[in-house]
Amino acid sequence: MFAQEFVLKQRTEILHALCSSGSAEHLERVLDILLAQGELTWEDYQNIQVPGRPLFTNARQLLDLLYTKGLDSCGLFLAALKQVLPEAQETGLSLSGCSPNIKEKEAQSTSTTQMLLTQRPSLVSKLQSCINGALQALVVEGQFTSRDCDEVRRPIHTPSQQARCLLDHVSSKGDLAAKVLLNYIQQKQESGSPVNQKNLTPPKEFLKYQKKLSSSVSAQSCFLSTYGGTSHMSLDDIYTEGQLELAHKCTDLHTPLGLEDIVGTLGTVNKEADTVLVSGEAGSGKSTLLQRLHLLWAQGAALQDFLLLFPFSCRKLNSEHKELSVQELLFQHCCWPDREQEQIFQFILDHPHLILFTFDGLDELKQSFSDEHRLCCPTQHAPVHTLLFNLIQGSLMKGVQKVVTSRPEAVGPLLKKHLSKEVLLKGFSPSGIDCFVRKHHNDSTVAAKVLESLQTNTALLGLCHNPVLCWIVSQCHKELLGCGEGSPQTITDVYLMILQHFLQHKSLSKSTIGLGWLHENLKTVLHLGQLAFEGIGSTCYIFSGIELDACGVTEQDICIGFLIQIKDTSSAHYEFLHVTIQCFFAALYIVLSGNIDGPTIPKLFEMQDMRETGLSTSCFGACLPSTDQQKQDVVGEDTAAKTSDLQMIATFVSGLLSQRHRSLWLHCCPSAVMEKKARQVVRCLSKGMQKHFKSIPQPVEGEAKSMHAMPGFLWLIKCIYEMQESRIANNAMSKLEIDHLKLTYCNIGPVECTALSYVLQHLRTPVGLQLDNNSVGDVGVEQLLPCMHVCNSLHLRNNNITDEGIRKLIAKGIQCDNFRKIALFNNKLTDACTQQFSHLLKTRQDFLSLRLGNNNITAEGAKQLAEGLKFNHSLQYLGLWGNKIGDAGAEALASALEYSKSLVWLSLVGNGVGTAGACALAKIVKNSTSLEHLWLTENCITRAGVECLIQALQHNTHVKSIWLQNNNLSLEEV
Ligand code: ADP
């Protein structure tokens, strides 16, 4: 069919293909090509593209015109259509065979403006991503006025329409403007990035603004707020590195993650996204880490690729009720430019990759993350949370780097979709605790004493991995050193210590000693407690003077030091020193206040279920004494922060109501009421546990009965630990009948290990405890020792454990009759711990399985193990995958295991074992009466080695498999 006839006959299909999407883009791209090819004149174009006329009418106009122009024009049109809509054929429009291909028109053009026309399709596509830069270049060269810019940047236009509009404008200005534009595009292509930063010369006002922002960021970040109430502590003096880990394993990572790696490309899993999440428990140091980044940037010591850094606190953004544009958000909430706001903002828009935003505490935002309301225009006004969510997704200001912090509970799959990577902040390492305590105390003998007392109380040492607890412990060193036997064990103990510390140091009645200190300050505690309690109910962490008054908080109460004034707000606003302290006060209120009614405690403990079943958690709001409608409305909004706040409150309530703290409440509260509340807690814990146990599926016949802990299980365990009453732990555990308890990927650190160990000790029958992929570490291992006697197997894969931890673990394990299997794949073990294992193997003739894969064990370590193996007659599984034992190690093991009657499975995969090693191992194959599987994959065994193994096999009837993939064998030999 001729092209002209085709255009006529297929008119309906062509119109449908061009216009049915409702977008003018297809038609406009076809027009671009026809203009570039000279098929349409400028006048034709304007006759077709009539602004405001329906899309179909424009398209019909084009078809009519082409038909009258004749065969060639129609042919070219069909070629253009094929290029723009390759998928149109699938919708019934057959374009094959009837259209020539389009080549870019030879540049016979005489003028630069004409080049804009002949290259129009490619220019439109190149310009879309850098309209603002191009406009700026034109303005700087005096070719464009700001009115021209506004014309181009009309918000209703799509980026490609803006690009076309820009081209048309430039054409109308003449050759000089066209040259500026083409030069700009060429430069941009050569630099390979939107702007070459080295050649960048930001406008003068921008540089002034940069200075102002930087000094404001510096002023905001140089002191730590927890010290605000007591003494000033500069961040430079106290900052201690926390432990950072990537949430997704990264093979390029060879050294610990540093602060600047947070923003860098290392570990990126989604290249399309520009948001990094730093997640960690309350008090793990997220805000402090951001503060450190801010300060380093302001001091010019880090992140210097970013010209501007805008720090936001989600807590503060909660109180912004107006709708804002991004520009207002940046300038009003971070730093106001003295002049040329538009120009500065324009520069920001044009250079997104030079800008960094940080959002601290996304979990504290009243609204949970959603990507429902899309916004892409930076001048559009919207509620602050909508702006924030769009910035995080990148639909607004794509290319700007963002770092967001949050507690892990608040991070749902919706948010994860938009993250370039997730970094986990795991608090202080053991050496970090040491370093922090030394920095905190000028007097080195005091520091040494505090550290010494921590070493004698491993439960407390475990807690100190959380920086906020480490801070409290350091702050209360006098109480700590003076308390001897009764030194703190639980989180509640630590917070009671700081309560006592602040009350006794700041209250007017300094004389109070003994247990009366609480009674003396009961009013203060209740005022602050009510404020905290109501705040949590409405996701409110910042309080105005009016709110303080409403709860009776006086000037004197403030002076105690738990509330700190926020500096950069116009009227006086306060927040608690830390969110955990707010939760502690809320718990004190629940325990001590007469206004708390019966259902409050049960409701508090039911929160977890509510969340898991997707019900609203507004019930806590219903317990609030206030009936203020507005407050109730906010309460209705369920945020993940609230769940984790409520869990923390419940943990404190359990601790505060435990038997050992009852004497504190004497004279503060009728003991019958106390007893009743305590009974409620015990009932809730028992009920919660029952629920978990009921969810355990019946085992398949022949398999162990296994429980994989649901979220909330660990929290209940922690609550039971806070109570420190064996009777309760015993009760809870007596009903758990399982063979295997799986707690993998549960964020278990030393603190959780302490609680877990305390509760598991009460199990009636031994279990296999699987704690793979957590952050147990050496301190956590130490916490687990008390429950070793109920563990028949312990799985601690990927837990940051070193030889130090293993030494203690094995020393204890040897004494525990039930302990028979251990898996330590992917930790930090070296030859220094193999002697322990050797001793274990020698001593315990009932030990079954030892798996030490992916550690750093060499031939020396293997020799040590062999010493133990010589005397052992029970081991069935030995796994050394991914170590470096080499031939010498293999030979040592082979000679120890040659006549083994117990070993069933041996893995030496990836150990650099060569032919000599294989020939030695052949002896086990030949002589052992038990070996069934030998794994030798990924070594460097040659044909000679394999021949040894084959010969050995001829004598053996037990071996079922020997694996030899990826060795030094030719295809033929294989
Ligand atoms: P999060 O934001 O995770 O709740 P914060 O950053 O507010 O935790 O930390 C709580 C307190 O712990 C801080 O106010 C400070 O006293 C202490 N802290 C946290 N991280 C560090 C650190 N890296 N160096 C020194 N102190 C820290």
Side-chain angles (χ1 to χ4, degrees), residues 220-244 256-259 262 277-296 311-316 358-365 403-411 423-441 447 463-477 491 494-495 498 501-502 541-542 561-564 566 575-584 640-641 644-645 647-648 747 749 751:
Q220 279 170 31
S221 53
C222 59
F223 291 110
L224 255 186
S225 65
T226 26
Y227 297 84
T230 49
S231 58
H232 277 295
M233 179 68 94
S234 92
L235 190 66
D236 280 333
D237 290 343
I238 192 72
Y239 187 79
T240 307
E241 294 285 334
Q243 304 177 89
L244 291 169
L257 212 61
L259 266 189
I262 293 174
L277 171 76
V278 177
S279 66
E281 300 300 325
S284 61
K286 301 178 295 294
S287 308
T288 312
L289 176 141
L290 277 192
Q291 199 177 329
R292 182 71 182 152
L293 279 179
H294 298 162
L295 186 64
L296 289 176
F312 294 96
S313 145
C314 295
R315 178 179 278 208
K316 286 183 191 159
T358 66
F359 297 104
D360 188 24
L362 190 66
D363 51 356
E364 291 189 357
L365 205 67
V403 180
V404 174
T405 71
S406 171
R407 279 178 265 180
E409 298 84 359
V411 185
V423 176
L424 312 174
L425 179 56
K426 304 232 150 170
F428 292 152
S429 64
S431 61
I433 297 177
D434 197 272
C435 174
F436 176 86
V437 172
R438 289 182 200 284
K439 284 181 173 183
H440 189 97
H441 297 283
L463 294 179
C464 284
H465 283 261
N466 185 316
V468 77
L469 294 171
C470 199
W471 166 73
I472 295 179
V473 165
S474 299
Q475 193 78 8
C476 304
H477 67 275
I491 301 183
V494 174
Y495 280 79
I498 193 139
H501 173 86
F502 273 39
Y541 305 94
I542 294 183
F562 286 111
L563 282 177
I564 45 170
I566 302 174
E575 61 187 343
F576 281 90
L577 274 182
H578 193 255
V579 63
T580 51
I581 290 186
Q582 183 173 346
C583 290
F584 180 62
S644 78
D645 289 343
Q647 282 195 350
M648 202 182 307
N747 235 332
V751 179

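Ligands are counted one by one from 1 in listed order, and the atoms in each one are counted from 1 as well. For reference, positions follow the sequence shown, starting with 1.
In terms of heavy-atom proximity, F428 sits nearest to G242 at CD2-CA, 4.4 Å. The minimum heavy-atom distance between D645 and C583, with the atom names listed, is O-SG, 3.7 Å. Nearest heavy atom pair, residue M648 against residue A282, reads CE-CB, 3.7 Å. Residues S474 and V437 approach most closely at OG-CG2, 3.8 Å, considering heavy atoms.
Short contacts between ligand 1 and I238, defined as distances under 4.0 Å to a heavy atom of the residue, involve ligand atoms 24 (N), 25 (C). Taking every non-hydrogen atom of F436 and a distance limit under 4.0 Å, the qualifying atoms of ligand 1 come out as 25 (C), 26 (N). Heavy-atom contacts of H578 reach the following atoms of ligand 1: 1 (P), 4 (O), 5 (P), 7 (O), 8 (O), 10 (C) (cutoff under 4.0 Å). Remark: ligand 1 atoms within the under-4.0 Å shell around heavy atoms of A282 are 4 (O). Near G283, the atoms of ligand 1 lying under 4.0 angstrom from a non-hydrogen atom of the residue are 1 (P), 3 (O), 4 (O), 8 (O). Contact atoms of ligand 1 toward W471: 16 (O) (distance under 4.0 Å to a heavy atom of the residue).
At a heavy-atom cutoff of 4.0 Å, ligand 1 is contacted by both the backbone and the side chain of Y239. If you look at S284 next to ligand 1, the close heavy atoms, those under 4.0 Å, come from the backbone and the side chain alike. With a 4.0 Å cut-off on non-hydrogen atoms, L224 touches ligand 1 through its side chain and not its backbone. Of the heavy atoms in E281, only backbone atoms (N, CA, C, O) come closer than 4.0 Å to ligand 1.
At under 3.5 Å, a nitrogen or oxygen of G285, whether backbone or side chain, sits near a nitrogen or oxygen of ligand 1. For ligand 1, the polar-atom distance check against S287 finds a nitrogen or oxygen pair separated by under 3.5 Å.
Ring geometry, F502 versus W471: the interplanar angle exceeds 60°, so the pair is classed perpendicular (tilted spans 30 to 60°).
Applying the side chain to side chain contact (heavy atoms under 4.5 Å, CB included) test between L425 and each of L244, I262, L257, T288 identifies L244 as the sole match.
The distance from the CD atom of E364 to the OH atom of Y541 is 5.0 Å, given to the nearest 0.5 Å.
Nearest residue to atom 11 (C) of ligand 1 from V579, V468, I581 is V468 (criterion: closest heavy atom).
Of the charged side-chain nitrogens involved, at least one lies within less than 4.0 Å of a carboxylate oxygen, so that R292 and D236 count as a salt-bridged pair.
Distance alone, capped at 3.5 Å, is enough to place a donor-acceptor pair between the T405 side chain and the G361 backbone.
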